[in-house]
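Naming: A, B, ... by sequence-line order, numbering from 1 per chain. What you see below is based on every heavy atom in this structure, not just the backbone, and it leaves out hydrogens, waters and symmetry mates.
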Amino acid sequence: MHLFHFGRDDGLLGSYTPPTSGGSEAVVVLCYPFGQEYMRAHRAFRQVALLLGRRGIGVLRFDYWATGDSAGDGAEVQLSRWVEDVSEAITEARRRAGVDRVRLGGLRLGSTLASLAAEGCPAVERLVLWDPVVLGSRFLEELDRDASPRIGSTWWVHGFPVPGALRSGLEAIDLRSVPFPREAEVVQLVSHSNRDFAALAEALAAHPGSATTRLIPSPSDWNYSDDVGGILIPREMVRGVVDALAA
Amino acid sequence: MELGVQEEVFTTEGGLVGLITHPSSDEVESGPAVLILNSGNIHRVGTGRMSVILARRLAAHGAFVLRFDHSGVGDSPPRRDGLDLEEGRVREIIDVMDALQERYGVERFVVHGLCTGARDAFHAALQDERIVGLVQIDGFAYRNLRFYLRKMGRRLGDLPSVVRGVGRRMGIVPRPERSTPADDMWVEEWSGYPPRAEVEEGFGVLVRRDVALYVAFTGSWEEEYNYESQFLDMYPGVDFRNLLTLRYLPEAAHTLLDPVSREVVVEGICNWVVDAVTADRRLAS
């Protein structure tokens, strides 16, 4: 695994896990969730990357601008910048792996950002959406349940800023209306059933490429914080995500 | 990178991974490097990105800062040598200092830790004299008579909870169910504190070595620490002279996720590092 800076002003921190055997004709870009969900998912993403590397597929993970180790102040974040970051990561991953085809995997908001970035990117041949945020308004409702009092125009959730501009971007999200690349295969992996996942599955029926939804019952309390830094590695789901991206 | 922030990927031969933040001013140039340790399983970014914020703020004051992942945390691979967790983490702090000394010529260090990181920093400081400063947030705490008196006083002020407590003891009121972590959740092993006398002896050693100490306790530790000067009362045999800066933050939570509390802590640590380094430079000259 190599850590490096890339993207605009070298402001994004990426990690590339090269294939340890063989070599696929595609590379995977993994898209983290947001905030506390990112903290809890970081090690699970490392696990996904290592397992894919063993299956012969290179993987790039990265922190969006103003998150994790990347440059920037979280109070200035906008959703559109994160979508651009995914596009930059796709370019970087293809360059590092020396391949054209890309598979995107994301968890929660990461799935949504991957979907938005895939729009108009024919190099994307597959998307694996793990418990995707289908409706931004619902995601905001979830965040607001854990939000502390607003300071100025910024909400704070588990220590992470959610500025007004980011809220506006999130509010507008409706994954059901995102046009995925025509030829791309879309796989929705869900840890539990809910009406949003069902609505996306229904919308995906109109997708011209292959589209499936699979239930892998597993823990999903990502937006949760405790005093001991509990993280989450849902093993069955990790295996499911790896299988879906490697197949 | 945003204006003024220069960061560089750091790896050790053993595969530990971290980020160096280079100084962006010369306020404390040639001072000790600051190491920011993991808290439990939380990777090098820190709770609510606190380690990133702290590192960049310290660098803006002129400090050279490294935040890294211990083995088995974040991007660092697990150890394979069978060392126990705590021993392994202390070994890794020393390995990291060796690497920084070899590559950058840094010879003195301030080590910052919250929770398990605070304990690891203490043990490393006892083993390695290159550590000249220690930041401990919610480190070791030992209850004493004054702690219990305060606790009792608070309880007596809350009659319903006294009644509930008595009821539970008598079996009249049911005890609340304890939640169990999900199968896949990693919870930091709570190894407990060493005996108080051992820690007191350790602080005695550090003070004799003129190690500067920044010690803070948050309100989340109220079951172990509930008044400002408890730290001094825990170690009556140690004369901390002017080496100790003690902060009690009853409104703050252990993970410092509240931005206001976090800002107080970050700013406090930055000011302390600048002051401690300035004093250190005087001692060195």
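Taking each heavy atom of B:V45 and A:Y38 in turn, the nearest pair found is CG2-OH, 3.7 Å. Closest non-hydrogen pair, B:P259 versus A:I151, comes out as CG-CD1, 3.7 Å. In terms of heavy atoms, A:D69 sits closest to B:R56 at O-NH2, 3.0 Å. Residue B:P78 comes nearest to A:R46 through the heavy atom pair CD-NH2, 4.4 Å, listed as atom of the first residue, atom of the second, then distance.
When heavy atoms are compared at a cutoff of 4.5 Å, A:F45 does not approach chain B at all. With a 4.5 angstrom heavy-atom cutoff, B:V260 touches chain A only via side-chain atoms. Interface remark: A:T67 contributes backbone atoms only to the contact with chain B (heavy atom separation under 4.5 Å). Neither the backbone nor the side chain of B:D258 comes within less than 4.5 Å of any heavy atom of chain A. For B:R262, the part lying near chain A is the side chain, with the backbone staying farther off; criterion is any non-hydrogen pair under 4.5 Å.
A:R43 contributes atom CZ, which lies 11.0 Å from atom NE2 of B:H43 (distance to the nearest 0.5 angstrom). To the nearest 0.5 Å, atoms NE2 (A:H158) and OG1 (B:T255) are separated by 9.5 Å. With rounding to the nearest 0.5 angstrom, the CG atom of A:L3 is 5.5 Å from the CG atom of B:D75. With values rounded to the nearest 0.5 angstrom, B:L257 atom CG is found 10.5 Å from A:W156 atom CH2. Distance check, rounded to the nearest 0.5 Å: OG1 of B:T47 to CD of A:Q36 gives 8.5 Å. Expressed to the nearest 0.5 Å, how far CZ of B:R44 lies from CG of A:L13 amounts to 6.0 Å.
Listed by first then second residue, pairs satisfying salt bridge (Lys or Arg N to Asp or Glu O under 4.0 Å) with a partner in residues 148-168 of chain A read A:D144-A:R167, not counting sequence neighbours.
Between the side chain of B:R49 and the main chain of A:A66, a donor-acceptor pair closer than 3.5 Å is present.
Looking at residues two or more places apart in sequence or on another chain, you find a side chain to side chain contact (heavy atoms under 4.5 Å, CB included) between B:R150 and B:R154, B:N226, B:Y227. With sequence neighbours excluded, the residues forming a side chain to side chain contact (heavy atoms under 4.5 Å, CB included) with A:L215 are A:V190, A:S193, A:P217, listed by chain and number.
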Would you check, one step at a time, whether the test side-chain contact (heavy atoms from CB on, under 4.5 Å) holds for A:H42 with B:I42?
CA-CA 9 Å; A:H42 186 272; B:I42 299 166; over 6 Å; no
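The candidate from B:S76, B:A55, B:A253, B:S220 with the greatest count of non-hydrogen atom pairs under 4.5 Å with chain A is B:S76.
Annotation: B:E251, atom CD; neighbour count of heavy atoms from other residues, nucleotides and ligands within 6.0 Å does not exceed 12. Shown here is B:E13, whose CD atom has no more than 12 heavy atoms of other residues, nucleotides or ligands within 6.0 Å.
The contact list for residues 47-61 of chain A toward chain B, using heavy atoms and a distance under 4.5 Å, reads A:R61 by residue number.
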